[in-house]
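In the text below, chain A, chain B and the rest are named by the order of the sequence lines, each starting its count at 1. The shown structure was predicted, so the numbers you read here are calculated from the model rather than taken from an experiment.
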Protein chains: 2
Amino acid sequence: MINLDLKITVNPELYNKNPDSSELGRKIITHSIELINEIGFEKFTFKKLSEKINSPESSVYRYFKNKHTLLIYLTSWYWSWTSYKIALTTLNIKSAEEKLRNTIDILTKPILIDNSFSYVNEVLLNKIIITESLKAYHSVDVDIENKKGYFKTYKDVVNRVSNLILEIKPNFEYAHMLVTTVIEGVQQQRYYSEHLPSLTDSKKNKDSISNFYTKLVFNFLEQ
Amino acid sequence: MINLDLKITVNPELYNKNPDSSELGRKIITHSIELINEIGFEKFTFKKLSEKINSPESSVYRYFKNKHTLLIYLTSWYWSWTSYKIALTTLNIKSAEEKLRNTIDILTKPILIDNSFSYVNEVLLNKIIITESLKAYHSVDVDIENKKGYFKTYKDVVNRVSNLILEIKPNFEYAHMLVTTVIEGVQQQRYYSEHLPSLTDSKKNKDSISNFYTKLVFNFLEQ
DNA sequence: CAAATATAATAGTAATACTATCATTTATGC
DNA sequence: GCATAAATGATAGTATTACTATTATATTTG
C-alpha cells in the first residue's frame, strides 16, 4: 500500500511538538493507542505510557499537553484518514448515488485490516474511536476547543458526506443530522454488540449494522 | 402533580446507602446534579460536592462508592423516570401507532419544565444525560457492571419501545437498533446544537430534532 | 432515657497531573 | 571534525484527587 501518511494532517494546536516528526513522537502515538485499548482512557496516564516506552514522563509532556489533548489528536488523525479514504473512493465516480453508497460503506463497515503503513494501527485506533472518542468532545471546554479548530477533521467528514447527500436531494433539510446519526450510530452499535448486546440486534448478522444504516439513509432520501 | 418518586427505583447495588432515605442523601443528589452541570463530570469531585453541601467528604462516600457509580445512579434514575412516563402515556391507548407516537414524543421532545416534585431537577438531570451519560457506560468495567444490572433501567426503556415497534411490525429485525439510534441520536443532536452547531441542522427549527427522528422511525417502518 | 445509627471532624496515603531543573545524548551547520 | 543547538533523560517536587480510617458528637428510635 502506498504511504497515505502524507495526506493526514492534524491541527498543530493539538500538540506541543509534532509526534510525527521524531522517533519518540511516533512511539508515543503507537503505544498510546495500545495502552488506551488495554486499560481504557480513564486509567490511562502519561506515567504508565512513559513506563511502557521507557522514557521519562516529562518527555511525553513535551509532545502533548495532557491526555485529553492526545485523545483529540488521535480522533483527529482518524477522521483525517477517513476523509482521505472517502476522497479516494469517490474519485472519478460520476453517479452521486454511487459515491454516497461507497462512502457509507467506508463509514459503516468494520475496519478489519491494519494497513500497517505507519506507526498507527488503524484497527486499534478504530476501537478507541468506538469506545472513547465521545469523551474527546464531551467536556466543559468544548466551546473553547471548538473555536481552536480541534474538531475540524470530524466536521470535514460530516460536511463531505452531507454534500454528497445534497447532490442527490438538494433541498434536504436534515443532511448533517442524518450523517452524524449514521456515523455515531454505527460506533454505538459496535460498542453495544460487544458490551451491551441487548441494546442492539447485530449479533444475528455480521453485516447488520452496515445494512441497517445504509437502508436508513436511502429510505429517508427516497421519501 | 402527584408524587412520582414512589415509582422510581434504582438498583441498590449502585449505592452504599440509599440517598432517598435521608435528608443528607437527597442533598447529595440535588447538589450533585447542580455541580456536575456547573463544572462538568471530569472536574466534579466528592471534595467539591462536600464543600457545597457543608458536609465532610467521608459522608458522601457513605452513600456512593465513587463519582462514577453516582453518575450511573443518576442515569438510572432518569431512565426509570422516563420508563414511567412512557407507561403513563401509553396507558389505555389501543392503537399501537399512537402509543409509539406518544413514546417518541417523550424521547425526542425537550424537557423544559422541572416538575419539582422532589429533590431531582429533571431539566438539569436531562442536561447531564445529554452531556455526560455516555461516560457512564463507556468504561473498562462495562461488562462487570452490566452483569450487576447497573444499566437495567435504560435497557428497560429500549425494550419497552422496541416492543411497541414490534407490535406495529412484528418481524422487524432492527427494533433495538432503531430505538437506540433515536434515543442517543436525540441527545447527540441536542449537544451539537449547543456546542458544535455545524454538525447538526437543528438551529433552523426548534422542533427539527424531534421531527427528524419521528420521520426516521415511521419512514423506516412503512418500508 | 439508653442504645443504635448517622453524621462531623480530622488525619492520613497512594496515585494523578502536572512543572522545573540540569545533565547527557544526538543531530546539524560550517 | 567540531561547535552549537536541539532533543531526550534523570530526578525532584507540588497541589490535587480518590480514597480509607478513626474517633467524637449529634440525632433518631424503641
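- Ion pair Lys135(B)/Glu42(B) flagged as a salt bridge, since at least one NZ, NE, NH1 or NH2 atom sits closer than 4.0 Å to an Asp/Glu carboxylate oxygen.
- The distance between atom CG of Leu24(A) and atom P of dA27(C), rounded to the nearest whole Å, is 13 Å.
- In this structure, a donor-acceptor pair under 3.5 Å is absent between the side chains of Asn11(B) and Tyr150(B).
- Looking at Glu38(B) and Lys52(B), a side-chain N of the basic residue comes within less than 4.0 Å of a carboxylate O on the acidic one, giving a salt bridge.
- Here the OG atom belonging to Ser32(B) is positioned 12.0 Å from the OH atom belonging to Tyr63(B), to the nearest 0.5 angstrom.
- Contacts between residues 55-71 of chain B and DNA chain C, defined by a heavy-atom separation under 4.0 Å, are made by Ser55(B), Pro56(B), Ser58(B), Ser59(B), Arg62(B), Tyr63(B).
- Here the P atom of nucleotide dA6(C) and the CG atom of Asn18(B) are 12 Å apart, to the nearest Å.
- In this model, no donor atom of one side chain and acceptor atom of the other lie less than 3.5 Å apart for Asp156(A) and Thr153(A).
- Between Trp81(B) and Tyr84(B), the ring center distance fails the sub-6.0 Å criterion.
- Between the side chains of Lys127(B) and Asn121(B), no donor-acceptor pair of N or O atoms lies under 3.5 Å.
- Dashed line: the shortest gap from a side-chain N or O of Ser22(B) to OP1 or OP2 of dT7(C) is under 4.0 Å.
- A heavy atom closer than 4.0 Å to some atom of DNA chain D occurs in Thr45(B), Lys48(B), these being the qualifying members of residues 40-54 of chain B.
- Between Asp141(A) and Lys43(B) there is a salt bridge, since a side-chain N of the basic residue sits under 4.0 Å from a carboxylate O of the acidic one.
- One atom, CG of Asn16(B), and another, P of dT5(C), lie 17 Å apart when rounded to the nearest Å.
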